[in-house]
*Asks:* 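Take this structure, written in structure tokens, and hold onto it; I'll ask about it next.
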Amino acid sequence: MSTAYEPEKIEKAAQEQWTDSRCFEVSEDPDKEKFYCLTMFPYPSGKLHMGHVRVFTISDVIARYQRMQGKHVLQPMGWDAFGMPAENAAIQRGIPPARWTYDNIDDMRDQMKRLGYAYDWTREVTTCRPEYYRWEQWLFTKMFEKGLVYRKNSVVNWDPVDQTVLADEQVIDGRGWRSDALVERREIPQWFMKITAYADELLDELDRMPGWPDSVKTMQRNWIGRSEGVELSFDVAGEDEPLTVYTTRPDTLLGVTYMAVAAEHPLAKRAAAGNAEIAAFIEECKKTDAAEATLETMEKKGMPLGISAIHPLTGDEVPLWVANFVLMSYGTGAVMAVPGHDARDWEFARKHDLPIKQVIAPEDGSEIDIDEAVYVDRGVLVNSGEYDGLDYDAAFNAIADRFEETGRGRRTVNYRLRDWGVSRQRYWGAPIPIIYCDDCGAVPVPEDQLPVVLPEDVELTGVGSPLKEMPEFYETTCPICGKPARRETDTFDTFVESSWYFARYACPDSRSVMLDDRAGYWLPVDQYTGGVEHAILHLLYSRFFQRVMRDEGLSDASEPFTNLLTQGMVLKDGAKMSKAKGNTVDPQGLIDKYGADTVRLFMMATAPPEQALEWSDDGVQGAFRFLKRLWHAVDGHCEGGSVAAVDAYDDAQAGLRRKTHQTIAKVSDDIGRRYKFNTAVAATMELMNAIQRFDDRSDGGRAVVQEALEAIVKLLAPIVPHVCHELWRQLGHEDALVYARWPDVDQAALEQDTIELVVQVNGKLRGRINVAADADRSSIEALALADDNVQRFVAEQPVKKVIVVPGRLVNVVV
RNA sequence: GCCCGGGUGGCGGAACUGGUAGACGCAGCGGACUUAAAAUCCGCUGACCGCAAGGUCGUGCGAGUUCGAGUCUCGCCCCGGGCACCA
């Protein structure tokens with residue numbers, strides 16, 4: 001009597017058994033090899049979306065696979081619970097951010113449990129809880145003591161109508177998203193973390209991280225942007241202070257025909273004082289937002305300041321301009337312009353009729369016309385007086401030496417990386433633990449007064465932070481002198497919470513210290529999985545924080561994540577699935593209709609994890625159909641009763657055994673090494689097809705089918721754990737599948753007497769031959785040349801050579 | 001604009017280290033079963049030529065390297081992600 005595949009029933013039963021046996025709860029066991037498998041934790045935005053399901057399933061497959069390898073696996077889950085959407089919901093619906101967040105967490109936790117992830121729920125971490133954020137407040141005060149944090153003015157988007165600071169995302173075409181008012185750039189004092197102090201270490205270690213994708217390492221290298229250059233001083237006519245610029249191309253120094261400073265530069269401000277036109281231009285510059293993409297793509301504008309700089313080598317006067325593309329925050333806020341050999345300078349010079357001078361010529365002696373096209377490659381110096389004929393390196397050194405000798409410059413290393421501004425003028429975040437005292441200045445909150453708890457019962461209006469209206473929050477006393485003082489009302493960037501949560505999972509209940517000995521057992525994370533959109537910021541901040549924690553004596557590890565898998569986005573209609581774009585697909589409907597296993601299988605079978613996955617509703621049906629086929633195959637097989645042991649096989653039986661063990665080998669490699677779950681699924685589907693074509697009810701036949709079905713159930717256990725859990729039981733096993741080991745390949749079963757080789761003539765496929773597995777080269781060649789179709793194409797032509805690729809093909813070249 | 005990916009049948013994708021292009025699945029078409037439908041099972045399915053054997057073309061576009069290129073090199077085009085206050 002055959003039974004139906006009822007996912008809802010078997011999934012519930014499997015999950016209950018996992019929960020009751022607490023098999024995914026792990027403690028520290030030094031005798032076992034640990035494996036810490038982590039997914040980037042979600043922001044509790046409401047319901048799970050497809051991107052969540054994809055990344056959690058990928059990670060769960062790896063965790064369950066490693067468990068079957070005998071590892072002691074930790075897979076925790078938590079909530080990146082601070083953030084803007086909670087404030088938006090509060091403004092729109094009048095629900096306090098805390099309640100909205102906790103409700104969402106409850107919903108999403110239920111959905112995760114329904115999907116059967118192998119999480120140790122006893123370690124759940126929620127970043128908006130004081131017991132969590134107190135430790136980042138504490139670490140901040142330690143960083144304060146070490147000089148790793150500091151306060152400086154920095155630019156924000158100011159909405160003059162709502163009287164509030166806007167996130168870049170809230171600025172739409174230069175206007176506030178709620179008020180529609182033109183946004184202004186405004187400078188306010190903010191806290192910064194000195195990530196640049198670790199720039200060299202963060203850069204150098206990338207060379208020793210084989211477990212990270214090259215693309216991510218390259219992006220981080222470019223982001224840090226270490227460059228070796230020279231700082232040069234130009235005198236300015238009528239000014240006492242020289243103007244210092246940084247350049248990586250001192251070899252082009254004689255090609256300088258103008259210079260440019262940022263709108264915020266003191267020289268520009270002074271020039272504006274006596275010139276209304278310049279003042280207006282500087283005002284206009286402030287109206288663009290500060291995003292790099294905007295600065296780089298906007299029209300390059302500038303104005304002469306009416307001041308001249310003196311060229312340090314020739315003594316010539318070069319005009320000084322103010323330009324909208326020069327950044328005050330990068331380098332010195334001033335650049336020397338070499339239009340002949342820099343693309344942006346060239347374009348700007350053409351537009352404003354500034355002279356273009358060639359000082360570099362191609363090394364191969366070819367002629368170039370600098371008025372036609374810019375020449376940016378390194379080459380040989382020309383029109384550079386005593387430096388003519390030098391190459392890049394020689395010129396770099398000669399000019400750098402000259403400036404160092406005269407004290408007018410120095411070799412220096414520059415980074416594109418900027419310090420991390422962590423202040424946010426928002427309510428729903430961790431309070432920055434600083435007290436401002438008129439006498440003592442900015443004072444960190446002492447350890448015994450931590451945490452600084454964020455009040456949760458508030459009303460949000462959308463205008464400013466409610467903390468600024470709560471004297472019971474901000475009124476306090478100075479920890480040093482005891483006088484009345486005022487608390488910082490800014491909160492941390494939410495990236496601060498996500499920069500160390502991975503460590504806290506090791507000891508989420510630790511009350512006395514940020515991290516205890518348990519972190520020493522679990523860290524670093526062995527496998528980290530998350531969206532490629534986090535390739536730079538989140539991952540770089542986490543690498544920085546891990547080092548800060550290391551230097552605080554909290555952990556021995558320098559790198560937080562040994563292996564990184566960056567999963568591609570789930571796209572819909574060609575764009576990232578996101579709430580903001582309104583193109584999300586709710587996975588819940590599919591779970592209700594087909595069960596968790598079908599959804600898990602579909603996500604894994606459809607595309608490799610690193611690739612973007614374009615969502616389509618078709619295909620889910622196919623995953624469901626396959627699970628039904630598997631179910632009925634096991635069901636039908638088990639109806640035949642117990643299986644007798646057999647030690648000799650006929651050809652067909654040996655053939656199915658070979659397919660079984662080829663599949664074990666392929667799936668082990670696909671999941672264990674390549675992370676190609678889609679081809680792993682395809683391989684098990686092929687084995688299923690082979691089983692269904694195999695019709696042999698003899699003892700031997702039933703034995704190899706039993707072996708094949710057990711292999712499929714184990715190989716698919718990480719991907720579709722519920723149905724496999726039940727099928728394993730049906731195949732006659734008392735111990736739950738979750739305690740089973742990954743299957744081994746029987747090398748003897750793989751052996752073959754003959755193999756097929758492809759024969760090409762001049763690289764085109766012309767025939768196939770069967771040869772003995774151990775055939776030598778000359779007999780292969782002879783067999784290949786004897787093939788009728790091969791003979792047709794060789795015909796009378798002399799054979800120039802024959803290439804034999806063992807196990808693959810023969811190519812006859814005529 | 002800069003940095004990092006990607007582009008292969010009607011669709012998702014496979015081809016791992018330069019060696020049979022299109023595995024596996026979806027959709028479609030034909031058939032079996034059924035009173036019927038659903039479900040299930042079997043077969044076909046890149047384009048073109050051919051009765052067939054087989055042949056020609058074909059991996060975004062253009063060149064190149066090689067006995068052999070989806071894969072490597074150079075130059076383009078298009079799409080996605082990131083660009084520091086979305087997470």
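To find a chain, count down the sequence lines: A is the first, B the second, and so on, and within it residues start at 1. Quick caveat: nothing in here was measured; it's all calculated off a predicted structure.
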*Asks:* Counting heavy atoms from C-beta on, name the nucleotide in B/G19, B/C85, B/A14 closest to the side chain of A/Val165.
*Replies:*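 In terms of side-chain proximity for A/Val165, the closest of B/G19, B/C85, B/A14 is B/C85.
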
*Asks:* Using the P atom on both, measure B/C49 against B/C2 and round to a whole Å.
*Replies:*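 So the two P atoms sit 47 Å from each other.
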
*Asks:* So what does A/Lys800 hit on the nucleic acid, given a heavy-atom distance under 4.0 Å: a base, only sugar-phosphate, or nothing?
*Replies:*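 No contact.
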
*Asks:* What integer distance in Å separates A/Asp493:CG from B/C86:C1'?
*Replies:*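 Taking CG of A/Asp493 and C1' of B/C86, I get 11 Å after rounding.
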
*Asks:* For the pair A/Lys666 and A/Asp669, find out whether any cationic side-chain nitrogen is under 4.0 Å from an anionic carboxylate oxygen.
*Replies:*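 So A/Lys666 does not pair with A/Asp669 through a salt bridge.
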
*Asks:* Counting any heavy atom closer than 4.0 Å, what does A/Glu610 reach on the DNA or RNA strands: base, sugar-phosphate only, or nothing?
*Replies:*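 Since no nucleic acid heavy atom lies under 4.0 Å of A/Glu610, the category is nothing.
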
*Asks:* Would you classify A/Arg766 as touching base, sugar-phosphate or nothing, given that sugar-phosphate means primed atoms plus P, OP1 and OP2, and contacts are heavy atoms under 4.0 Å?
*Replies:*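 Sugar-phosphate contact only.
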
*Asks:* Look at all strands and tell whether A/Arg674 reaches a base, only sugar-phosphate, or nothing, counting heavy atoms closer than 4.0 Å.
*Replies:*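 Base: the residue A/Arg674, judged by heavy atoms under 4.0 Å, touches a nucleobase.
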
*Asks:* Using the P atom as the reference point in each nucleotide, state the distance between B/C76 and B/C86 in Å, no decimals.
*Replies:*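 The same atom, P, in both gives a distance of 33 Å.
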
*Asks:* Picking from B/G55, B/C85, B/C16, which would you name as closest to the side chain of A/Asn157?
*Replies:*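 In terms of side-chain proximity for A/Asn157, the closest of B/G55, B/C85, B/C16 is B/C85.
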
*Asks:* Counting the atoms with a prime plus P, OP1 and OP2 as sugar-phosphate, which does A/Ala293 contact under 4.0 Å by heavy atoms, base, sugar-phosphate, or nothing?
*Replies:*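 Touches a base.
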
*Asks:* Applying a 4.0 Å non-hydrogen cut-off, can you work out what A/Ser215 is touching in the nucleic acid: base, sugar-phosphate, or nothing?
*Replies:*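 Sugar-phosphate contact only - A/Ser215 comes under 4.0 Å of backbone atoms but never of a base.
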
*Asks:* To the nearest Å, give me how far apart CD (A/Gln567) and C1' (B/G6) are.
*Replies:*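 The distance from CD of A/Gln567 to C1' of B/G6 comes to 16 Å, rounded to the nearest Å.
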
*Asks:* Under 30°, 30 to 60°, or over 60°: which ring-plane class applies to A/Trp420 and A/Phe544, parallel, tilted or perpendicular?
*Replies:*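 Ring orientation of A/Trp420 relative to A/Phe544: perpendicular.
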
*Asks:* Below 30° counts as parallel, above 60° as perpendicular, anything between as tilted: where do the rings of A/Tyr501 and A/His538 land?
*Replies:*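 Rings of A/Tyr501 and A/His538: tilted, as their planes differ by 30° to 60°.
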
*Asks:* With rounding to the closest Å, how many angstrom separate the P atoms on B/U45 and B/G60?
*Replies:*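 It comes out at 24 Å once rounded to the nearest Å.
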
*Asks:* What is the distance, to the nearest angstrom, from the CG atom on A/Asn762 to the P atom on B/A69?
*Replies:*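 Between P of B/A69 and CG of A/Asn762: 11 Å.
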
*Asks:* For A/Ser423, report the nucleic acid contact type (base, sugar-phosphate, nothing); a contact means any heavy atom under 4.0 Å.
*Replies:*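 Since a base atom lies under 4.0 Å of A/Ser423, the category is base.
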
*Asks:* Applying a 4.0 Å non-hydrogen cut-off, can you work out what A/Phe41 is touching in the nucleic acid: base, sugar-phosphate, or nothing?
*Replies:*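 Since no nucleic acid heavy atom lies under 4.0 Å of A/Phe41, the category is nothing.
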
*Asks:* Without decimals, in angstroms, what is the distance between A/Asn222 CG and B/G81 C1'?
*Replies:*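 Checked: the CG to C1' distance equals 15 Å.
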
*Asks:* Considering non-hydrogen atoms only, spot the tightest contact between A/Met193 and A/Phe545 and give its length.
*Replies:*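 For A/Met193 versus A/Phe545, the nearest heavy atoms are SD-CE1, 3.6 Å.
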
*Asks:* Considering heavy-atom distances to RNA chain B, does A/Gln190 or A/Ile536 have its closest nucleotide positioned more toward the 5' end?
*Replies:*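 Nearer the 5' end of the strand: A/Ile536.
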
*Asks:* From the options B/C24, B/G13, B/G55, select the nucleotide whose nearest atom is closest to the side chain of A/Ala607.
*Replies:*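 Looking only at side-chain atoms, A/Ala607 lies closest to B/G13.
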
*Asks:* Between B/C33 and B/A21, how many Å separate the two P atoms, rounded to a whole number?
*Replies:*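 To the nearest whole Å, 40 Å.
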
*Asks:* Pair A/Thr754, A/Asn770 - check side-chain hydrogen bond (donor to acceptor under 3.5 Å, both in side chains), show working.
*Replies:* CA-CA 6 Å; A/Thr754 63; A/Asn770 279 301; 4.8 Å; no

*Asks:* Report which part of the nucleic acid A/Val156 touches: base, sugar-phosphate, or nothing (heavy-atom distance under 4.0 Å, all strands).
*Replies:*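 Base, at least one base heavy atom under 4.0 Å.
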
*Asks:* Should A/Lys194 and A/Asp419 be marked as a salt bridge (Lys or Arg N to Asp or Glu O under 4.0 Å) after you check the CA-CA gap, both sets of side-chain angles, and the distance that decides it?
*Replies:* CA-CA 5 Å; A/Lys194 267 194 197 166; A/Asp419 279 333; over 6 Å; no

*Asks:* With nearest nucleotides of RNA chain B determined for A/Ile803 and A/Thr297 from heavy-atom distances, which residue corresponds to the more 5′ nucleotide?
*Replies:*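 Checking each residue's closest nucleotide, the 5'-ward one belongs to A/Thr297.
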
*Asks:* If we take the P atom in both B/G58 and B/C48, what is their distance in whole Å?
*Replies:*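 Each nucleotide's P atom is 16 Å from the other's.
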
*Asks:* Do the two ring centres, one from A/Phe325 and one from A/Phe348, sit under 6.0 Å apart?
*Replies:*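 Under 6.0 Å, so yes.
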
*Asks:* If you look at every strand shown and take non-hydrogen atoms under 4.0 Å, does A/Phe626 touch a base, only sugar-phosphate, or nothing?
*Replies:*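 Counting heavy atoms under 4.0 Å across all strands, no contact is made by A/Phe626.
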
*Asks:* Taking B/C24 as the reference, what is the distance to B/U8 when you measure between their C1' atoms (whole Å, please)?
*Replies:*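 One C1' to the other, the span is 16 Å.
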
*Asks:* Whole angstroms only, please: what is the OH-C1' distance between A/Tyr501 and B/A87?
*Replies:*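 Spelled out: OH on A/Tyr501 to C1' on B/A87 is 12 Å.
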
*Asks:* Taking any heavy-atom pair under 4.0 Å as a contact, classify A/Asn689: base, sugar-phosphate, or nothing.
*Replies:*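 Answer is sugar-phosphate: A/Asn689 comes under 4.0 Å of backbone atoms only.
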
*Asks:* Give one of base, sugar-phosphate or nothing for A/Trp420, where a contact means two heavy atoms less than 4.0 Å apart.
*Replies:*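 It contacts nothing in the nucleic acid.
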
*Asks:* Hey, does A/Pro608 reach any base, or is it just sugar-phosphate, or nothing, if we go heavy atoms under 4.0 Å?
*Replies:*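 Sugar-phosphate: the residue A/Pro608, judged by heavy atoms under 4.0 Å, touches backbone atoms but no base.
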
*Asks:* Please give the distance between the C1' atoms of B/A37 and B/G50 as a whole number of Å.
*Replies:*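 Per the computed distance, 42 Å lies between those C1' atoms.
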
*Asks:* The side chain of A/Asp168 is closest to which nucleotide in this list: B/C4, B/A87, B/C86?
*Replies:*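 Of B/C4, B/A87, B/C86, B/C86 is nearest to the side chain of A/Asp168.
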
*Asks:* Between B/C2 atom P and A/Met298 atom CE, what is the distance in whole Å?
*Replies:*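 My rounded result for the distance is 15 Å.
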
*Asks:* Once the angle between the rings of A/Trp500 and A/Tyr132 is folded into 0 to 90°, is it parallel (under 30°), tilted (30 to 60°) or perpendicular (over 60°)?
*Replies:*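 Taking A/Tyr132 first and then A/Trp500, their aromatic rings lie parallel (interplane angle under 30°).
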
*Asks:* Verify, without hydrogens or angle tests, whether A/Glu87 (side chain) and A/Trp428 (backbone) share a donor-acceptor contact under 3.5 angstrom.
*Replies:*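 Here the side-chain-to-backbone pair exists.
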
*Asks:* Could you check how far NZ of A/Lys194 sits from C1' of B/A84, rounded to whole Å?
*Replies:*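 Computing the A/Lys194:NZ to B/A84:C1' distance gives 19 Å.
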
*Asks:* Counting heavy atoms from C-beta on, name the nucleotide in B/C86, B/A27, B/G82 closest to the side chain of A/Glu533.
*Replies:*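 Nearest to the side-chain atoms of A/Glu533, counting from C-beta on, is B/G82.
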
*Asks:* Syn or anti for B/G28, taking syn as within 90° of 0?
*Replies:*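 Glycosidic conformation of B/G28: anti.
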
*Asks:* Ignoring hydrogens and angles, tell me if any N or O in the side chain of A/Asp670 forms a donor-acceptor pair with the backbone of A/Asn678 under 3.5 Å.
*Replies:*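 Judged by distance alone, no pair lies under 3.5 Å.
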
*Asks:* When rounded to the nearest Å, what value does the distance between P atoms of B/U73 and B/U66 take?
*Replies:*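 Those two atoms are separated by 16 Å.
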
*Asks:* For a quick check of understanding: with a heavy-atom distance under 4.0 Å over all strands, which category does A/Arg792 fall into, base, sugar-phosphate or nothing?
*Replies:*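 Sugar-phosphate contact only.
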
*Asks:* Nearest-Å distance, CG (A/Leu540) to C1' (B/C83)?
*Replies:*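 The answer, rounded to whole Å, is 13 Å.
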
*Asks:* Where does RNA chain B form stems of at least three consecutive Watson-Crick or G-U wobble pairs, each pair having both distances below 3.5 Å?
*Replies:*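 Consecutive-pair runs (3 or more) involving RNA chain B: B:1-7 with B:77-83, B:10-12 with B:24-26, B:28-32 with B:40-44, B:46-49 with B:54-57, B:60-64 with B:72-76.
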
*Asks:* Does the ring centre of A/Phe82 sit less than 6.0 Å away from the ring centre of A/Tyr133?
*Replies:*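 Yes; A/Phe82 has its ring centre under 6.0 Å from that of A/Tyr133.
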
